[in-house]
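Below: the structure, in structure tokens.
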Amino acid sequence: MYSEKVKQHFQNELESIRDAGLFKDERIITSPQGAEITLKTGEKVLNFCANNYLGLSNSPQLIEAAKEAMDTRGYGMSSVRFICGTQDLHRELEYRIAKFFGTEDSILYAACFDANGGIFEPLFTEEDAIISDQLNHASIIDGVRLCKAQRFRYNNGDMADLEEKLKEAQKARFRIVVTDGVFSMDGNVAPVDEMVRLAEKYDALVMVDESHSAGVVGKTGRGVTELFDIRGKVDLITGTLGKAFGGAIGGFTTGRKELIEMLRQRSRPYLFSNSLPPAVVGAAIKMFEMMDETAELQDKLHSNTEYFMEKMGKLGFDIKPTQSAICAVMLYDAKLSQDFAARLLDEGIYVIGFYYPVVPKGQARIRVQLSAAHEKEHIDKAVAAFEKVGRELGVI
Ligand SMILES: *Cc1c(COP(=O)(O)O)cnc(C)c1O
């Protein structure tokens with residue numbers, strides 16, 4: 001029964017979230033996702049906080065491909081994959097993902113959250129060890145929780161610490177080292193080349209979640225294995241279709257054939273959740289075709305990021321070094337980060353200020369995400385707004 005006691009409890013909980021300043025309000029957008037978006041208030045702003053790295057969220061080619069798939073394959077599958085939810089398009093997309101990453105096979109999920117949630121439990125038992133970066137994504141943490149393997153955690157990107165943990169885990173039957181490819185708050189790339197070397201030395205598997213790196217990192221966007229020239233050396237890669245790869249929905253795991261086959265047999269979010277809709281699958285196939293044809297979007301994204309970093313650095317802003325399209329403009333103070341973001345919105349620039357507990361105490365910042373959808377004048381406008389607000393608030 002939804003008693004007064006239950007109701008009161010949750011009202012109090014919500015109140016304490018508000019009091020702590022952690023209540024999340026959602027800004028409502030009335031346009032498609034893009035470099036410029038329209039808010040419900042009618043304001044038009046430049047968007048620097050989407051994961052729309054390649055600017056494909058409103059791509060006419062992807063919309064066309066989605067429509068075509070809907071016309072020829074229908075709207076929904078009304079089934080999980082292994083009953084009657086697998087179309088030719090699903091297999092084709094899995095094949096294309098493997099081709100893109102230079103892996104053996106792939107398996108689709110409703111989201112990368114599910115890919116990570118369903119990857120460990122089918123493959124590892126209490127005899128095994130999972131060695132995870134301290135800053136790994138929530139979905140990896142949840143996936144690890146669902147598995148009985150022994151758990152080890154190493155400090156973010158700290159390879160000496162990882163080596164210690166690998167030594168401690170030598171008694172386990174199998175070991176797997178797990179990392180995000182790009183960490184979303186700093187934009188730093190995990191040292192996966194070094195991880196692969198340590199994994200060889202200490203007989204461990206390697207898994208990389210490429211959600212923020214796939215499509216972005218590496219000359220042609222093939223992710224960290226391209227950046228470090230280690231294609232074929234990472235055993236499992238997870239990723240999302242919800243960021244650079246079109247921004248709709250969908251996730252995947254790609255890697256060693258036997259591991260992928262095992263997931264198809266045993267991974268619970270795959271077995272007990274609906275098949276991706278044809279429109280999403282058809283558009284994703286088209287997206288990978290486009291990636292095969294040209295790296296124009298990556299070139300533009302990389303030059304946009306360099307341009308922004310250079311201009312902001314010249315103005316005297318303190319920005320963390322980045323190898324991704326995430327630029328953390330450090331302000332350190334929580335309130336300042338919120339005031340700064342609010343003032344930028346007045347100036348027509350939409351960014352988010354992050355502070356504790358999303359980032360460590362005293363490490364508040366504004367996270368700027370560049371996109372291939374941005375033109376030079378968009379970036380110039382953002383930099384001018386940063387300069388104006390930065391002087392006003394005494395940051396530069
Ligand atoms: C965004 C993200 C996810 C979740 O992806 P979805 O497809 O939106 O569920 C998982 N891992 C990392 C590292 C991410 O950045």
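Whatever order the structure lists them in is the order used to number ligands and atoms, beginning at 1. What you see is a predicted model, and the numbers here were worked out from it, not measured in a lab. Position 1 is the first residue of the sequence; numbering continues from there.
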Original post:
Numbering the atoms of ligand 1 from 1, which are under 4.0 Å from a heavy atom of N116?
Top reply: 10 (C), 11 (N)

Subject >> Proximity flag G242 to ligand 1, non-hydrogen atoms under 4.0 Å >> reply: no

Original post:
Could R175 and D128 be called an ion pair, given the rule that one side-chain N must be under 4.0 Å from one carboxylate O?
Top reply: no

Subject >> Least distance between heavy atoms, Q150 atom then E126 atom >> reply: NE2-O, 3.2 Å

Subject >> Electrostatic pair D161-K165, nearest N-O below 4.0 angstrom >> reply: yes

Subject >> Ion pair R256/D235, N-O distance below 4.0 Å >> reply: yes

Original post:
Do the charged groups of E94 and R91 touch, with an N to O distance under 4.0 Å?
Top reply: yes

Original post:
How far is atom 8 (O) of ligand 1 from its nearest protein heavy atom, and which residue and atom is that?
Top reply: T240 OG1, 4.1 Å

Subject >> Numbered atoms and elements of ligand 1 in range of D180, under 4.0 angstrom, heavy atoms >> reply: 13 (C)

Original post:
Of all the non-hydrogen atoms in the protein, which one sits nearest to atom 13 (C) of ligand 1, and at what distance?
Top reply: D209 OD2, 3.1 Å

**OP:** Determine whether the side chain, the backbone, both or neither of S139 has a heavy atom under 4.0 Å from any heavy atom of ligand 1.
**Re:** side chain

**OP:** Decide whether the shortest distance between a heavy atom of K243 and an atom of ligand 1 is less than 4.0 Å.
**Re:** yes

Original post:
Considering only heavy atoms of S211, which atoms of ligand 1 have at least one such atom less than 4.0 Å away?
Top reply: 2 (C), 3 (C), 10 (C), 11 (N), 12 (C), 13 (C), 14 (C), 15 (O)

**OP:** Could you verify whether a donor N or O on one side chain and an acceptor N or O on the other, from N51 and Q369, lie under 3.5 Å apart?
**Re:** yes

Original post:
Would you say F113 and ligand 1 have an N/O pair spaced under 3.5 Å apart?
Top reply: yes

Original post:
Any side-chain heavy atom of R343 within less than 4.5 Å of one from K388?
Top reply: yes

**OP:** Below 4.0 angstrom from a heavy atom of H212, which ligand 1 atoms are there? Numbered from 1 as shown, please.
**Re:** 15 (O)

**OP:** Would you confirm whether T322, through its side chain, and I326, through its main-chain N or O, come within 3.5 Å as a donor-acceptor pair?
**Re:** yes

Original post:
Based purely on interatomic distance, does C112 place a nitrogen or oxygen under 3.5 Å from a nitrogen or oxygen of ligand 1?
Top reply: yes

Original post:
Has the side chain of N155 got a donor or acceptor atom that lies under 3.5 Å from a matching backbone atom of D158?
Top reply: no

**OP:** Have a look at ligand 1 and work out which part of N51, if any, has a heavy atom under 4.0 Å from it: side chain, backbone, both or neither.
**Re:** neither

**OP:** Report, in ascending order of atom number, the atoms of ligand 1 lying under 4.0 Å from any heavy atom of H137.
**Re:** 2 (C), 3 (C), 4 (C), 10 (C), 11 (N), 12 (C), 13 (C), 14 (C), 15 (O)

